[in-house]
Colleague: 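The structure under discussion is supplied below as structure tokens; questions concerning it will follow.
Lettering of chains follows the sequences in order, A, B, ..., and the numbering in each one begins at 1.
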Amino acid sequence: MSGYNYEEDSPLANKSNIPEKSFLESLSDDGLLEYIAGLSQEQGEDHGEQYSRGDYFHDKQKRQEKQDREFRERYGNGSELFSGISIYVNGFTKPGRLQLHEMVVANGGKFVHFLSCKGRVSHIIASNLPLKKRVELASYKICRPEWIVDSIEEGKLLPWQDYALLSDQDEIQPKLPQTAIVSCKHPDFLKQFFSKSRLHHLSNWKSDLRAEFCERFLEKPLRIPGKSEVVTVFHIDFDCFFASVSAAANGFDIHAEPIVVCHGTKNSDIASCNYEARRYGIRNGMWVGTAVRMMPRGKKLVRLGYDFEQFELMSKRFYQILHDSQFELVLPISIDEAVCVTGYLTHSECELICRGIRENVSNVTNGCTVSIGCGGSLVLARLALKRSKPDGYQIVDCDGLDDVFWSHLKIEDLPGVGHSLACKISEYSYPPIGNLLELRQMAQDSLRRCVGEKMGNKIYLAVRGKDDEESCKMIYEPRQFFQRKSLSIDINWGIRFDTIYEIDEFIDRCTQYLIDKLRELDKKTSQLTLKIMKRSKDEAIEPPKYLGMGKCDPVARSTRLGVPTDEFGVIATEIKSTFRSLCCPPRELRGIAIQFNKLEKTASNQAKLPFVDAKIYQNLPSDVKSEIGRELNKRSINIRRTAPKRINSYQEQFIQELPTQIRGEVENEIHITNKVNKTKFDEIKEQVAKRQNEKVNAKSHFLGENTILLPIKFQNQTNFKKIIQLVMNWVDGTIRSQGPHEKDLRLFEKYLQRLSDTNRLPLVLRICKLISVKLELRSEFFSHCNGFQEWEKVLLQMILPKLNKNKHTFQTVRKLDIDFDT
DNA sequence: GTGGTGTGGTAGC
DNA sequence: ATCGCTACCACACCAC
């Protein structure tokens, strides 16, 4: 990357009587590019020293006027519509600059390429103007491009005032399409929310960078340093990334004014603030209102919006520089931050690298600065980075570290130590520990007692400049480290529902979002977690932050699917059923998170229900076999014979176990009756509890029928699991004989009906699935038995109709339906 | 001890 | 107004 530094290298420097900055600033983006391109051309022609700014414009202008004349002669229609008018186009417009140019010139107008020729411009055309520009150009006639288009169409010059791009009109106009408030009930909510969420972008960028790293690795295996090798680590990070980039994009000087990046004006998070703002005590994460109050009287705080595209662009250029810099490893930490590793380097070599990178990055990012910490370990590089900020670099040598270095670092500067741990540590002894120099005195044992085994070790090593084993993995097993292990979605803003059905729909959309990603990764999941945020009991219905979550109680529950899947129906119904088991009144819900926990690679030839061909299994080397057998068992994967001739050992063992199970649990027919009765009892108990809950909530809600969950409550997950177990044993115990007892069956059907009636189809589905699997497994040996046939009948005539009746709940046609309909 | 579940904390701006 | 995400580790606790 060779950035052109015009501040120093420009042949024009100090030659013009107008300050350099205002000249460059006065150029439009295109103008600037053209100007730079022009410069490099002219230089090649060996008269760069003599070529002045005035000359440049003169040439340029003459060339342009000639071009315009030619154009008008060739295409012009003799119209003098824009005679006497000269326009300048600022920024992106529709129609574009070129088209506007042609339109104006063909109709007798003048097109001005550079605004610096002030006075010659009669109108400025722009669709929108950055804040800074708006102030600068306040004295001009500024209007939208439609003025040109409409004037030509009408054949007469329309009043430009009707098309004025006034700041207040500007505020009213684009709001119109936006005022279509997209609430969480709207199908586009997710998209809209994510498009504006900084945290979503940060997370997404991070996983993209990690994925890219892994791809790069596949393409060209990198050399990973050996554990005994001496390495040099560079930790590189933008200074207040969002603030710097947004400031540059809007034409602000990052050093001149206090700047914050945020959405709103009051209870909106500050994503990033510059060092000027930090002088007044403003910090990232603070609310804007708080920050404004911290400003001295009369001093203004500049608020800038997010420009995610620009952030991405700057990051791309940043990473490009790193990739071009001959590091052995470029490890992505986040959109604006990376750790680069090389072998041993001398102090002066490190210094060269730091300076080079800092200069290159500044050149390609409109002057954004990065700081660099350099050291012999990850933690040292990170601490050096903390010390180097802002706009600097620091190279540290573990042995040469003095007390000053440590005493200037706070506990929270340690990686992995946040607010919570920092409090714990500082309060652990008296007087409280305030910096790392003091922390170095703490014994390893007391550290471990204070913050736990692992973290204690980590911190003990960190303040001695060494990495712990876990952190090292980033360098020594980078592929493993950056490999994705889970996939999830979190929404804790804007969640305001009234009914469970709205939540169902929302869950469907979230699930679809995740499944799309899952399939992109070519993975399946076998474990789900649903985490919800529920308004804490005494909290206000509406928290201070607009549509925020306020103080909440988090609750999570996970489920195993047994089989890895990427099917929408299975996952969505599972989540919906899990949600019900968490007993959250729809109106109390403030946040939802869905996680896919156990990701497995999709095997193209994998059967829907997993089983291993016995032949393959038998042919395995005996030492491997037992290990695999255990593993299969653990995952409840069956070994299935394709030709039922010989009984293999696994199945033999399996059959032998059957009678024990039956005797142990289920031959007692009363058992299930008791169980169902107990369920009823639980139900009543929960209803009582809920009525009390309703009373509590009544103060803050109108108690409509749909306020609280449906009146019938369900046993919690544990109970359901137990019931499933019971049913399975019941099937096992009766399959070889006469089949289920009629009385039991009636109770069972009642239970299923209740599940079905109360929107708990997923549970019915699960029972159905399990019974069908069980029957399939046993078919080889028991299909002739009366009991087997009875159970098949139950499945086909009793359970399946319930599912099919409510097919719509499942959104997709279930594989099971097809299997058993035929 | 093993292995599972739910909770809590941290990281990036 | 406002956009409080998401991956991952470590731990406490439980059942066996």
Side-chain angles (χ1 to χ4, degrees), chain A residues 178 181-182 184 189-207 209-210 237-246 260-273 283-285 287-289 305-306 308 311 315 332-338 382 412 414-422 424 451-456 458 470-471 473 481-495 514 527 529-531 533 542-560 590-591 593-597 599 634 717-718:
Chain A
Q178 279 180 8
I181 302 152
V182 171
C184 60
F189 172 77
L190 269 189
K191 203 178 153 215
Q192 158 130 13
F193 171 58
F194 281 162
S195 76
K196 299 186 176 182
S197 159
R198 74 185 197 282
L199 293 174
H200 169 78
H201 278 92
L202 281 170
S203 275
N204 258 13
W205 285 329
K206 183 170 179 162
S207 23
L209 286 165
R210 285 172 162 230
D237 175 274
F238 273 80
D239 300 322
C240 49
F241 180 59
F242 281 13
S244 301
V245 175
S246 273
V260 298
V261 174
C262 56
H263 279 298
T265 53
K266 229 181 105 202
N267 299 326
S268 168
D269 278 18
I270 292 175
S272 175
C273 62
R283 294 287 177 273
N284 289 355
W287 280 354
V288 179
Y306 298 83
F308 293 115
F311 299 152
S315 165
I333 304 295
S334 86
I335 181 81
D336 76 315
E337 182 178 350
R382 151 115 187 187
E412 285 189 68
L414 288 169
V417 178
H419 176 74
S420 168
L421 276 179
K424 251 194 209 169
V451 294
E453 176 93 18
K454 287 265 172 78
M455 192 45 87
K458 186 186 160 100
E470 186 63 34
S471 326
K473 286 185 182 160
F481 184 90
F482 289 114
Q483 189 65 240
R484 177 192 281 277
K485 287 132 204 135
S486 72
L487 178 65
S488 68
I489 183 175
D490 290 51
I491 304 100
N492 294 307
W493 186 86
I495 299 297
L514 283 179
Q527 189 182 33
T529 303
L530 173 70
K531 182 174 142 189
M533 291 301 204
E542 283 309 326
K545 188 202 259 308
Y546 176 66
L547 288 181
M549 67 197 283
K551 189 169 170 292
C552 285
D553 301 326
V555 204
R557 182 153 299 169
S558 58
T559 48
R560 297 258 175 163
R590 292 290 177 271
I594 300 171
Q595 296 168 38
F596 293 175
N597 290 320
L599 302 187
K634 211 163 68 187
Q717 187 77 15
T718 328

Colleague: Taking the side chain of A:Arg198 as its heavy atoms from C-beta onward, which of B:dC13, B:dT5, C:dA1 lies nearest to it?
Modeller: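 Selected nucleotide (nearest to the side chain): B:dC13.
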Colleague: Atom NZ of A:Lys473 and atom C1' of C:dC8: how far apart are they, to the nearest Å?
Modeller: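 Roughly 11 Å, once rounded to whole Å.
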Colleague: C:dT6, OP1 or OP2 - any side-chain N/O from A:Lys531 closer than 4.0 Å?
Modeller: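 So the side-chain polar atoms of A:Lys531 never come under 4.0 Å of the phosphate oxygens OP1 or OP2 of C:dT6.
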Colleague: Indicate, with a heavy-atom threshold strictly under 4.0 Å, whether A:Gln527 touches base, sugar-phosphate, or nothing.
Modeller: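 Sugar-phosphate contact only.
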Colleague: For the pair A:Asp336 (side chain) and A:Phe241 (backbone), establish whether a donor and an acceptor sit closer than 3.5 Å, ignoring hydrogens and angles.
Modeller: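 It does not hold such a pair.
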Colleague: Measure from the side-chain N and O atoms of A:Ser272 to the backbone N and O of A:Ala243, and report whether any donor-acceptor pair falls under 3.5 Å.
Modeller: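 Judged by distance alone, yes, a pair lies under 3.5 Å.
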Colleague: Of all the nucleotides listed (C:dT6, B:dT7, C:dC9), which has the minimum atom distance to the side chain of A:Ala556?
Modeller: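 The listed nucleotide nearest to A:Ala556's side chain is B:dT7.
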Colleague: Starting at CG of A:Leu547 and ending at C1' of C:dT2, how long is that distance when rounded to a whole Å?
Modeller: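 To the nearest whole Å, that distance equals 7 Å.
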Colleague: Can you find a pair of side-chain heavy atoms, one from A:Asn267 and one from A:Tyr546, that are under 4.5 Å apart?
Modeller: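 Heavy-atom side-chain distance check fails, nothing below 4.5 Å.
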Colleague: Donor-acceptor pair, distance only, cut-off 3.5 Å: does the side chain of A:Ser486 make one with the backbone of A:Leu599?
Modeller: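 It does not hold such a pair.
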Colleague: Expressed in angstrom and rounded to an integer, what is the separation of A:Asp490 atom CG from C:dG4 atom P?
Modeller: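 From A:Asp490 CG to C:dG4 P: 12 Å.
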Colleague: How is A:Asn492 classified with respect to the nucleic acid when contacts are heavy atoms under 4.0 Å: base, sugar-phosphate, or nothing?
Modeller: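 Counting heavy atoms under 4.0 Å across all strands, the contact made by A:Asn492 includes a base.
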Colleague: OP1 or OP2 of C:dC3 versus the side-chain N and O atoms of A:His200: is any pair under 4.0 Å?
Modeller: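 So the side chain of A:His200 is outside the cut-off, no N or O lying under 4.0 Å from OP1 or OP2 of C:dC3.
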Colleague: Let's see if you can work this out: which of C:dC3, B:dG12, C:dC5 has an atom nearest to the side-chain heavy atoms of A:Lys196?
Modeller: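 Out of C:dC3, B:dG12, C:dC5, the nucleotide with an atom closest to A:Lys196's side chain is C:dC3.
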Colleague: Specify the separation, in whole Å, of atom CZ of A:Phe308 and atom P of B:dG12.
Modeller: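 A:Phe308 atom CZ is separated from B:dG12 atom P by 18 Å.
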Colleague: Categorize A:Gly550 for me: base, sugar-phosphate, or nothing, with a 4.0 angstrom heavy-atom threshold over every strand shown.
Modeller: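 Touches a base.
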Colleague: Just call it for A:Arg283: base, sugar-phosphate, or nothing, with non-hydrogen atoms closer than 4.0 Å on any strand.
Modeller: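 The residue A:Arg283 makes no contact with any strand.
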Colleague: For the side chain of A:Trp493, starting at C-beta, report the closest nucleotide among C:dC8, C:dG4, C:dA10.
Modeller: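 So the side chain of A:Trp493 is nearest to C:dG4.
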Colleague: Of the candidate nucleotides C:dT6, B:dG12, C:dT2, which contains the atom at the shortest distance from the side chain of A:Glu337?
Modeller: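 Looking only at heavy atoms from C-beta outward on A:Glu337, the closest nucleotide is B:dG12.
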Colleague: Counting any heavy atom closer than 4.0 Å, what does A:Gly548 reach on the DNA or RNA strands: base, sugar-phosphate only, or nothing?
Modeller: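 Contact class for A:Gly548: base.
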Colleague: Between the side chain of A:Ser268 and the main-chain N/O of A:His263, is any donor-acceptor distance below 3.5 Å?
Modeller: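 Yes, because the side chain of A:Ser268 sits within donor-acceptor range (under 3.5 Å) of the backbone of A:His263.
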Colleague: Please tell me which of the listed nucleotides, C:dC5, C:dC11, B:dG6, lies nearest to the side chain of A:Ser558?
Modeller: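 The listed nucleotide nearest to A:Ser558's side chain is B:dG6.
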Colleague: Within the 4.0 Å heavy-atom criterion, would you say A:Lys206 contacts the bases, only the backbone, or no part of the nucleic acid?
Modeller: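 The answer is nothing, as A:Lys206 stays clear of every strand by at least 4.0 Å.
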Colleague: Base, sugar-phosphate or nothing for A:His263? Non-hydrogen atoms, less than 4.0 Å.
Modeller: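 A:His263: base contact, heavy atoms under 4.0 Å.
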Colleague: Please determine whether a side-chain nitrogen or oxygen atom of A:Arg210 lies at a distance below 4.0 Å from atom OP1 or OP2 of B:dA11.
Modeller: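 For A:Arg210, the contact criterion (side-chain N or O under 4.0 Å from OP1 or OP2 of B:dA11) is not met.
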Colleague: NA contact type, A:Ser195, heavy-atom cut-off 4.0 Å: base, sugar-phosphate, or nothing?
Modeller: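 Contact class for A:Ser195: none.
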Colleague: Given 3.5 Å as the limit, does a donor-acceptor pair link the side chain of A:Ser244 with the main chain of A:Asp239, or not?
Modeller: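 Yes, because the side chain of A:Ser244 sits within donor-acceptor range (under 3.5 Å) of the backbone of A:Asp239.
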Colleague: Using whole Å, report how far CD1 of A:Ile270 lies from P of C:dA1.
Modeller: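 In whole Å, C:dA1 P and A:Ile270 CD1 are 14 Å from each other.
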Colleague: Watson-Crick or G-U wobble partner for C:dA7, using a 3.5 Å limit on both distances?
Modeller: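 Looking at the geometry, C:dA7 pairs with B:dT10.
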Colleague: In whole Å, what is the span from the CG atom of A:Asn597 to the C1' atom of B:dG3?
Modeller: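 Going from A:Asn597 (CG) to B:dG3 (C1'), I get 15 Å.
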Colleague: Regarding A:Val555, tell me which of base, sugar-phosphate or nothing describes its non-hydrogen contacts under 4.0 Å with the strands shown.
Modeller: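 Sugar-phosphate contact only - A:Val555 comes under 4.0 Å of backbone atoms but never of a base.
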Colleague: Starting at the 5' end of DNA chain C and moving along, which residue's nearest nucleotide shows up first, A:Phe482 or A:Met549?
Modeller: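 The residue whose closest nucleotide sits nearer the 5' end is A:Met549.
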Colleague: Among the candidates C:dC5, C:dA10, C:dC8, find the nucleotide nearest to the side-chain atoms of A:Glu470.
Modeller: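 Ranking C:dC5, C:dA10, C:dC8 by closest atom to the A:Glu470 side chain puts C:dA10 first.
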Colleague: Measuring from the side chain of A:Leu487 (C-beta onward, heavy atoms only), which nucleotide among B:dG12, C:dT2, C:dA7 has the closest atom?
Modeller: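 The answer is C:dA7.
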Colleague: How far, in whole Å, is C:dG4 from B:dG9 if one measures between their C1' atoms?
Modeller: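 After rounding to an integer number of Å, I get 16 Å for this pair.
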Colleague: If you check the A:Arg560 side chain, which of B:dC13, B:dG4, B:dG8 turns out closest?
Modeller: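 Looking only at side-chain atoms, A:Arg560 lies closest to B:dG4.
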Colleague: When all nucleic acid strands are considered with a 4.0 Å heavy-atom cut-off, which category describes A:Ser203: base, sugar-phosphate, or nothing?
Modeller: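 The answer is base, as A:Ser203 lies within the cut-off (heavy atoms under 4.0 Å) of a base atom.
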Colleague: Think A:Ser488 has a side-chain N or O under 4.0 angstrom from the OP1 or OP2 of C:dT6?
Modeller: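 Indeed not, no polar side-chain atom of A:Ser488 lies that close.
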Colleague: Base, sugar-phosphate or nothing for A:Gln483? Non-hydrogen atoms, less than 4.0 Å.
Modeller: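 Since only primed, P, OP1 and OP2 atoms lie under 4.0 Å of A:Gln483, the category is sugar-phosphate.
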Colleague: Evaluate the side-chain proximity of A:Phe194 to A:Ile489: yes if any heavy-atom separation is below 4.5 Å, no if none is.
Modeller: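 Side chain of A:Ile489 against side chain of A:Phe194, heavy atoms only: contact under 4.5 Å found.
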Colleague: Tell me what A:Gly264 touches on the nucleic acid: a base, only sugar-phosphate, or nothing, going by heavy atoms under 4.0 Å.
Modeller: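 Touches a base.
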Colleague: Measure the distance from CD on A:Gln595 to P on C:dC5 and round it to the nearest whole Å.
Modeller: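 My rounded result for the distance is 13 Å.
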Colleague: Around A:Lys545, counting heavy atoms of other residues, nucleotides and ligands shown, do more than 12 lie under 6.0 Å from its NZ?
Modeller: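 Count over threshold, so yes.
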Colleague: According to a strict under-4.0 Å criterion, is A:Ser207 in side-chain N/O contact with OP1 or OP2 of C:dA7?
Modeller: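 For A:Ser207, the contact criterion (side-chain N or O under 4.0 Å from OP1 or OP2 of C:dA7) is not met.
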Colleague: A:Asp237 has an atom CG; how far is it from atom C1' of B:dA11, in whole Å?
Modeller: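 Nearest whole value for this atom pair: 12 Å.
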Colleague: Under 4.0 Å, heavy atoms only, any strand: does A:Phe238 hit a base, just the sugar-phosphate, or nothing?
Modeller: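 Counting heavy atoms under 4.0 Å across all strands, no contact is made by A:Phe238.
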Colleague: Check whether A:Lys454 reaches the backbone of A:Gly452 with its side chain - one donor and one acceptor, N or O, closer than 3.5 Å.
Modeller: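 No, the answer is negative, given that no donor and acceptor are paired below the 3.5 Å cut-off.
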Colleague: Categorize A:Leu421 for me: base, sugar-phosphate, or nothing, with a 4.0 angstrom heavy-atom threshold over every strand shown.
Modeller: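 Answer is sugar-phosphate: A:Leu421 comes under 4.0 Å of backbone atoms only.
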Colleague: Which nucleotide in the set C:dC3, C:dC9, C:dC11 lies at the smallest distance from any side-chain heavy atom of A:Ser268?
Modeller: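 Of the options given, the side chain of A:Ser268 lies nearest C:dC3.
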Colleague: Check if the side chain of A:Ser197 and the base of C:dC3 share a donor-acceptor pair of N or O atoms closer than 3.5 Å.
Modeller: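 No, no donor-acceptor pair under 3.5 Å.
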